[in-house]
Amino acid sequence: MRQETFFQFIKKIKPPFFFTWPLNIGYLIIVAVLIYQGSKENIGVAIVGPLILTMGFLAMKLFIYGNLFKPYNAGGEAFKELKGKKIEVLENISVYIKGFDLFDQKNSFLPNIRKTIYDFDKVDLVLTEQSMVLLGKSENFGGEAYAYPVEILIDKQALTSLPKAQIKGWEQSNNRINIQIEDYQYKKPIKIDFKDKTEEIKRWLTSPWIQRTVPRK
């Protein structure tokens, strides 16, 4: 699960149209202008200009893909940390997030890529005997984006080095499972409404150890 290398990830990922195509089109236009102007005035400009521009363009693309890869790769690293543990993997679950406010961070002044942004509509879920690992993702605007994963703890014992949240309670309503969590990096509780695979999630929540620890509302 999420074991691709960086270059395998680049082949797989499909960033939103507005994320890449304006850069691609702008790059081609500027290269065409440099070549056209250079061919009339200075052949060196026609050669060196596009070369320098191409290097800068590739560096920018690597920066963009690198930042997309970090949260994706964090999920793969967490999966490695869980090797040998008893786990259940549920993929592509539709979710609805309630109560999330990006500006409700406990420390909003220091940029931190490890802060989970709960602005996604699907998750891959790894259920362990002590926690659930939430790997959020979204396919808005025709592309794919990944939130930084978070380990949602039942008690204080963590199994991964991911950012942490605490499950505070759960309820079932209209064939959906809703859990309330407290992410340590945000001030207010967040609710996650699972629309799919609710039987598997409910079975996990009602297992003896978890049922004794997590209240049902």
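The side chain to side chain donor-acceptor pair (under 3.5 Å) contacts involving residues 49-69 comprise Asn24-Lys61, Tyr27-Thr54, where partners must be two or more places apart or lie in separate chains.
Within a 6.0 Å radius of OH in Tyr184, more than 12 heavy atoms belonging to other residues, nucleotides or ligands are found. Shown here is Lys197, whose NZ atom has more than 12 heavy atoms of other residues, nucleotides or ligands within 6.0 Å.
Nearest heavy-atom pair across Lys164 and Ala158 is CE-CB, 3.1 Å. Annotation for Lys98 and Asn178: closest pair NZ-ND2, 3.9 Å, computed over non-hydrogen atoms. Taking all atoms of both residues into account, the shortest heavy-atom contact from Asp196 to Ile201 is O-CD1, 4.0 Å.
No side-chain donor-acceptor contact under 3.5 Å links Gln180 to the backbone of Pro189. Side-chain atoms of Thr128 never come within 3.5 Å of backbone atoms of Ile87 as a donor-acceptor pair (strictly under, hydrogens ignored). For the pair Glu151 (side chain) and Leu159 (backbone), a donor-acceptor distance under 3.5 Å is present.
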Chi angles and distances behind the side chain to side chain donor-acceptor pair (under 3.5 Å) call for Lys137, Asn92: CA-CA 9 Å; Lys137 55 187 180 180; Asn92 295 318; 2.6 Å; yes
Under the side-chain contact (heavy atoms from CB on, under 4.5 Å) rule, what do Leu205 and Ile167 come out as? Steps first, then yes or no, please. CA-CA 11 Å; Leu205 287 165; Ile167 184 169; 4.0 Å; yes
Working for side-chain contact (heavy atoms from CB on, under 4.5 Å), residues Asp119 and Leu102: CA-CA 9 Å; Asp119 185 19; Leu102 182 61; over 6 Å; no
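Salt bridge annotation for Glu77-Lys80: present, with a cationic side-chain nitrogen under 4.0 angstrom from a carboxylate oxygen.
A side-chain donor-acceptor contact under 3.5 Å links Glu81 and Ser161.
To the nearest 0.5 Å, atom CG of residue Asn73 and atom CD of residue Gln3 are 8.5 Å apart.
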